[in-house]
Amino acid sequence: MIKCVLPADGGLIEEGAPYDIIHRYEKIPTKVFPTETAAVAMVADRIIQLINDFCQNPTDDFDDTTFSIGVTTGRTPVGLYRELTARCARGEVSFKRVSIYSLDEFYPIAPTEQQSRNYRIHEEFINHIDVLPENVHLIDGSVGLSDLSRYCAAYDRAASNIDLMIISMGVQGQVGFNDIGAYAKSKTRLVQMTNNARKMQAELFFGIKNTPQMAITMGMGTVMKAKRIILMAWGEEKADVVHNVVEGEITSQIPATYLQEHNNIEVVIDENAAEKLARRETPWLVGKCEWTPKFIRKAVVWLCEKVHKPILKLTYEDYIENSLGELLETVGPYDQINIDVFNDLQHTITGWPGGKPNADDSTRPVPSKPFPKRVIIFSPHPDDDVISMGGTFHRLIKQGHDVHVAYETSGNVAVYDDVVLQNVDTARELGFGDRYEEVKAIIGSYERGKPQPRPLLDIKGAIRRAEARAACRTLGLDDRTHAHFLNLPFYETGGIKKGELTKKDIDIITDLLDKIKPQQIYLAGDLSDPHGTHRICTEAVLEALEGFKKTDWYRECMIWLYRGAWQEWDLGSVDMAVPLSPDELLTKRHAIYRHLSQKDVVPFPGADKREFWQRAEERTQNTARLYDGLGMAEYQALEVFLRMK
């Protein structure tokens, strides 16, 4: 599978630089890999080496019976578990002399419930390796309350000398259920889950009302007793917390920062999670850099924000006093740099995202020909298109391009049951048939947390399709001929956990690409989407495009990455910025409003509890303010894009 790796352009020259220079700001040894796949391979190598060394040459460093590993759940370790199970199947490692301990568990919950940590660790890892049942020690969420204190104490004693702890962390630095304010020396215990923690887990339980209020977790003190720790993190959503944990101060407000005091720990991350580390975000503070035009822009934008000046007002002293002397020595005088960066950033702005006909396009982000263009906007869920780029979508249509939108998944699990009943009741009131009691019975028949019945999912999918078509009509698109509902099979599991991407998914996308032969493609680039669907969908399109690399239409096709509800592009990387007038911003809002099932109470909001239209407007208006602060024209809002070359 093709992995979506954001294009790199300039930066710190690490080759040949002393280790202490590159890692000067890091308080925990940190390895950065181009992709999660590459990082996972290294961690798997490390684990296998440790297990094999133990089995062949036991030493005082290891428990004399088994090699003990602490594991966690969530999206972060899934790739590692797949890699380890594959290598076990190939005979590269055996887990017969390995003991496995879990980090945490909901309470109360039975080990057989699909939401339990116990169940997930078995499904994702233990059931696929040759570990002996007597060596599996997972926290039991079904222990009676009267026995719980004794159980936690016994578990803590057993887990207090783990040979290797493999962990991840939440976006606020949670380790297991050690949340904000956790005590550094805490032990395995029952904790009351915070309201925020329950909201973050609510998608697993189909609503916060079904989410347990308590959990059992190893304490930070227990974790710190492990002989070795590997902390993993992937994706942009973890960039801020990685920065705080690796380079920040120890604080109870970010429990993972306690890990700085462990004497045998390493952090393993991908490029996206490394975004906020000094060697990625401000590498000129670290060492010598490769000064490409876009990297120069990144540094100048940073300098403007630091000294609170527009680009053309930056002085020689501003550069020198803020560690950008190397830029002046390498590139030239500061005033020329100011002019070049100002022009470079200004040339990203265009009111013609499909290209302006009969215009000089030498400094425009999009060529004028061909005109009109065939365009496909790929939308992972049925509302990502309007949330992320509704204004640009509208402009492309108004300016005469042949615009298509492809909704990759149905989004059916993100519809509340009461919304279904409201829609069915509306149909009944309009005289289109009375199926209210039938649907109500289906809703009442399935167990919360288990895959939803297919008839119910079909209704929910229909609701979301109708909403998406209404949004298309708001923007002026023919929703019958130019809106395509792909319903990729990987998504249709009926639950939050999705299936594997397969050839069936790729073939569906391939057929659409072959039919339209687009000259512009828009893809979701906010790969920190907390549900993972955006990344899967984008990588599916990239995989499908591999088959067209020798075609004429592919050679002239431009691929643009948008971001939406979760984050925004750094101005240093922007390739195209599309201004929105107040009316266009309002039209975009009305298109988002058409997604009624996602309005008022967002089913799966992630860490941000605002509605999607609020996030989208704040994001695009903030981008406009940033451009204004740099000395550009003042716009109501700006949607920005990165070109994937």
More than 12 heavy atoms of other residues, nucleotides or ligands under 6.0 Å from [atom1] of [X]: is that the case?
X      : atom1 : value
Arg428 : CZ    : yes
Lys440 : NZ    : no
Lys398 : NZ    : yes
Gln422 : CD    : no
Lys515 : NZ    : no

Review point. Would Asp240 and Val171 satisfy side chain to side chain contact (heavy atoms under 4.5 Å, CB included), going step by step from the backbone distance to the final call?
Key: CA-CA 8 Å; Asp240 284 321; Val171 294; over 6 Å; no
Taking the side chain from [X] and the backbone from [Y], do they hold a donor-acceptor pair closer than 3.5 Å?
X      : Y      : answer
Arg619 : Arg563 : yes
Gln399 : Gly351 : yes
Ser379 : Pro382 : no
Asp384 : His381 : yes
Arg395 : Glu584 : no
Lys517 : Asp514 : yes
Thr76  : Met232 : no
Arg364 : Pro353 : no
Gln621 : Leu638 : no
Asp270 : Gly235 : yes

How far apart are the closest heavy atoms of [X] and [Y], and which atoms are they?
X      : Y      : result
Trp569 : Gly525 : CH2-O, 3.8 Å
Ile463 : Val419 : CD1-O, 4.4 Å
Ala359 : Ser368 : O-OG, 3.8 Å
Ile516 : Arg374 : O-NE, 2.9 Å
Pro451 : Thr493 : CB-O, 3.7 Å
Lys276 : Glu281 : CD-OE2, 3.3 Å

Does any part of the side chain of [Y], heavy atoms only, come nearer than 4.5 Å to the side chain of [X], both counted from C-beta?
X      : Y      : value
Leu475 : Thr587 : yes
Tyr593 : Lys599 : yes
Ile442 : Pro455 : yes
Leu204 : Gln114 : no
Arg297 : Val574 : yes
Ile521 : Trp560 : no
Asn195 : Ile208 : yes
Gln172 : Ile180 : yes

Tell me whether the centres of the aromatic rings in [X] and [Y] are closer together than 6.0 Å.
X      : Y      : result
Phe205 : Phe106 : yes
Phe371 : His401 : yes
Tyr522 : Phe641 : yes

Review point. Do you know which of Glu500, Glu123, Glu124 makes salt bridge (charged side-chain N to carboxylate O under 4.0 Å, His left out) with Arg82?
Key: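 Single pass found, and it is Glu500.
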Identify whether the distance between the nearest side-chain nitrogen and carboxylate oxygen of [X] and [Y] falls below 4.0 Å.
X      : Y      : answer
Arg454 : Glu492 : yes
Lys373 : Asp402 : no
Glu36  : Arg75  : no
Arg464 : Asp383 : yes

For [X] and [Y], which I'm curious about, is there any donor-acceptor pair between the side chains at under 3.5 Å?
X      : Y      : result
Lys460 : Gln452 : yes
Glu639 : Thr392 : yes
Tyr627 : Asn622 : no
Ser573 : Asp570 : no
Ser410 : Asn487 : no
Glu467 : Ser597 : yes

Atom [atom1] of [X] and atom [atom2] of [Y]: how far apart are they, to the nearest 0.5 Å?
X      : Y      : atom1 : atom2 : result
Leu586 : His590 : CG    : NE2   : 4.0 Å
His484 : Phe378 : NE2   : CZ    : 9.0 Å
Ile506 : Leu501 : CD1   : CG    : 4.5 Å
Leu421 : Thr426 : CG    : OG1   : 10.5 Å
Leu477 : Ile377 : CG    : CD1   : 8.0 Å
Gln174 : Asp179 : CD    : CG    : 5.0 Å

Exercise for review: Start with the C-alpha gap between Asp104 and Arg117, add the side-chain angles, then the distance that decides, and say whether salt bridge (charged side-chain N to carboxylate O under 4.0 Å, His left out) holds.
Suggested key: CA-CA 7 Å; Asp104 55 16; Arg117 308 295 213 208; 3.1 Å; yes
Check your understanding: Between Asp575 and Lys294, is a salt bridge (charged side-chain N to carboxylate O under 4.0 Å, His left out) present by the stated rule, with each step listed?
Key -> CA-CA 9 Å; Asp575 291 302; Lys294 189 172 280 190; 2.6 Å; yes
Review point. What do the steps show when you test Arg280 against Glu271 for salt bridge (charged side-chain N to carboxylate O under 4.0 Å, His left out), and what is the final call?
Key: CA-CA 9 Å; Arg280 290 294 187 272; Glu271 288 279 2; 2.9 Å; yes
Practice item. Please determine which of Phe490, Tyr491, Tyr407 meets the side-chain contact (heavy atoms from CB on, under 4.5 Å) test together with Cys537. Key: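 Answer to the side-chain contact (heavy atoms from CB on, under 4.5 Å) test with Cys537 among Phe490, Tyr491, Tyr407: Phe490.
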Check your understanding: So Arg615 and Glu611, salt bridge (charged side-chain N to carboxylate O under 4.0 Å, His left out) or not? Walk me through it.
Key -> CA-CA 6 Å; Arg615 303 187 209 179; Glu611 290 187 43; over 6 Å; no
